[in-house]
Amino acid sequence: MTLDKNKHADFYKSMLRIRRFEETAIEAFSAGKIPGFIHSYIGEEAIASGVCGALEPGDLITGTHRGHGHCLAKGMRMDRMMAELYGKATGYNKGKGGSMHISDFSCGVLGCNGIVAGGIGLATGAAWGNQLQGNSRVVACFFGDGAMNRGSFHEAVNMASIWSLPVVYVVEANGWGISFSTRNAINLVDLSERAKAYGIPGVSVDGYDVMAVYEAAKAAIERARRGEGPSMVVCNAPRMRGHEEGDPQTYRPKDDIDKAKKNDPIKRYSEFLVAQSILSKDELKAIKQQVEEEVAQAIKFADESPYPNPEEALQDLFVEEK
Amino acid sequence: MSMPDKDISTRKLSYLMAIREAMQEEMRRDKNVILFGEDVERHGGGFGVSKELWEEFGDQQVRNMPISENCMAGLALGAAMTGCRPILEFMFMDFSALAIDQICNEAAKIHYMYGGQTNAPIVYRCPQGGLSYKSAGAHHSQSLEAWYVHVPGLKVVFPGTPYDAKGLLKAAICDPNPVVFIEHKALYNNEGIVPEDEYIIPLGKADVKRTGSSITVIAYGYMLQFALEAAEKLMPEGIDVEIIDPRTLNPFDEECFFESVRKTHRVVLIQEACRTGGVTAEWGMRIEEECFDWLDAPIVRVAGEDVPIPYAQSLEEKVWPNISKIIAAIKNVCYFN
């Protein structure tokens, strides 16, 4: 697939936004400015960037506990995201959600989710809603390989298949469910084989390769938009860091981690772009500069924003009559 | 919508038909109101509540589901976010346990957790309970309202009469929040006055089902029938029972409880569900906190036993509250024994 230069620049920027947001959030987390958990999306940038790059603006996504990348790739603002991580009133969820629940519904993000596989039924329901409403919106549903063993996964993929719902199941296969390797948790080498059991197409791609992800996602999204039903796209992207920040990964062979880091998807992609003369080093640098400015702004915004008034803890339980 | 006077209407309808009529009216009013669950199309659902709805509204509004409760609840949430107003029928309340993640972890929290960005206008219809619905065993007879009452963000409704069933279900369907709507299986064939004119009963409002001066009895679901019968039996003995049906279990109308207790000074609370951790424990505590100085006797509960529901009828009858247990409790609190 030949992509134009602008598309490549978009991909590079999207991946870099995620990487730099995560690195900055990890610093702030280590400095004690961010409470709770950080499950970083580092190493999976090509997946959200490739998939969201194939979506139309009105399309929808569901994210996971490792969801910052989904939000950024779908176009959410860094500053309000960072503020949410800080637990500030100016965050997307007014400080009520945090890292695992960060979302912008107006941007088509139907929730990041603290429950593994928690968003799969919801994504499938949104696809059903789209079908009932007669619109042409597609839902991209992100989840990890660990989620593939939850019953909610099986129930939802079957449901989408029987009604040809416009949803694409994007498996972010990082090879681990915290400390339990997928190799031991699923008795398949190619996870996309599971698609056959539900009568839908499934494909496995290199989840470090944004172009491969984009190509597979585009085909699946177009198929869904044509009304031909769901697909599964398994993106293999070995986990580059611990399950969460602070996880020493004592359960994991060191060479497994080193190998993942050596294949760093952003490094690989930028080298490819320069070698193929798609983007010059200067052009990459200019993009980098834009991203750095956005990150600096986000941190400033989060630092300077107020914490929510404690009284707000008792608000938003129920919505009044609409 | 005005509240028609049920006293001047003479139309009788069963609890089941009242529920069907509420859905039918709302589905006609708004094509985004969709009903789905196991066997809800031609079969009419587990108890025939949705019979004839698929014939009228078709696949767009009535849909059979594969046996996948967790995903059904997930679908409800996703569909709600795209503009639908889902009514999800669980064949038995017991089966909602398979979906509790989507109901309690997702739908209940979705408005709050996302900072008010979105909401989930969903009705989960849950037939529950036993009693005259006999020998259904441990997986088809439970009373599980307390599970859902304990989750902030869910409304829980449990009508005890056909009139209330219709008015409350219409309110639940129009409500922008997730509502667990409990139906008692043994009430489906009970008939009562249901006016032909449309009406709605606001959620969160209790109803005084019988005025009295001797004691306040708070009862809901099928227990309302027992309480009313017990009250009639006690009248000749000089005990004049006031009966309150909270109708909505969360948020519940505590002011109505307090007002009655301040008048009668005595309270018996009745639940079909097993005793420990039940909703009446919460109500009793609230009354104690607010009305201690008005109480002339300890607050007493009549509740199911803390065991799974057994099969044999002799065992089943042992487990559930009955009229004589209720009468004994009322007499006890009125120092009549």
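A note on names: the letters A, B, ... follow the listed sequences, proteins ahead of strands, and every chain is numbered from 1. Hydrogens, waters and symmetry mates play no part in the numbers below; they use all other heavy atoms, side chains included.
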Student: Hey, could you give me the CH2/SG distance between Trp128(A) and Cys71(B), rounded to the nearest 0.5 Å?
Tutor: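 The CH2 atom of Trp128(A) sits 10.0 Å away from the SG atom of Cys71(B).
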
Student: Looking only at heavy atoms and a cut-off of under 4.5 Å, which of Ala73(B), Gly153(B), Cys84(B), Pro121(B) has the most pairs with chain A?
Tutor: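 Of the options given, most contacts go to Gly153(B).
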
Student: With no hydrogens and no angle check, is any side-chain donor or acceptor of Gln117(B) less than 3.5 Å from a backbone partner on Ser103(A)?
Tutor: yes

Student: Hey, what do you get for CD (Gln102(B)) to CD1 (Ile120(A)), rounding to the nearest 0.5 Å?
Tutor: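 Answer rounded to 0.5 Å: 9.5 Å.
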
Student: Are Lys96(A) and Tyr114(B) in a cation-pi contact, defined as NZ or CZ under 6.0 Å from the six-membered ring centre and within 45° of the axis?
Tutor: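 No, Lys96(A) does not sit over the ring of Tyr114(B).
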
Student: What distance do Leu122(A) atom CG and Leu75(B) atom CG have between them, rounded to the nearest 0.5 Å?
Tutor: 9.5 Å

Student: Heavy-atom pairs under 4.5 Å with chain B - which of Gly91(A), Gly97(A), Gly111(A) has more of them than the others?
Tutor: Gly111(A)

Student: Does any non-hydrogen side-chain atom of Leu60(A) lie less than 4.5 Å from one of Thr82(B)?
Tutor: yes

Student: Please determine, among Ile115(A), Asn130(A), Leu165(A), Leu110(A), the option with the most heavy-atom pairs under 4.5 Å with chain B.
Tutor: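 Result: the option with the highest number of such pairs is Ile115(A).
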
Student: Determine the minimum heavy-atom distance between Trp163(A) and Pro66(B), stating which atoms define it.
Tutor: CH2-CD, 4.2 Å

Student: Quick one: of Glu106(B), Met81(B), Arg63(B), who has the most non-hydrogen atom pairs under 4.5 Å with chain A?
Tutor: Arg63(B)

Student: Any chance you could measure Tyr112(B), atom OH, to Asp316(A), atom CG, to the nearest 0.5 Å?
Tutor: 7.5 Å

Student: State the CG-CD1 distance between Asn158(A) and Ile67(B), to the nearest 0.5 angstrom.
Tutor: 11.0 Å

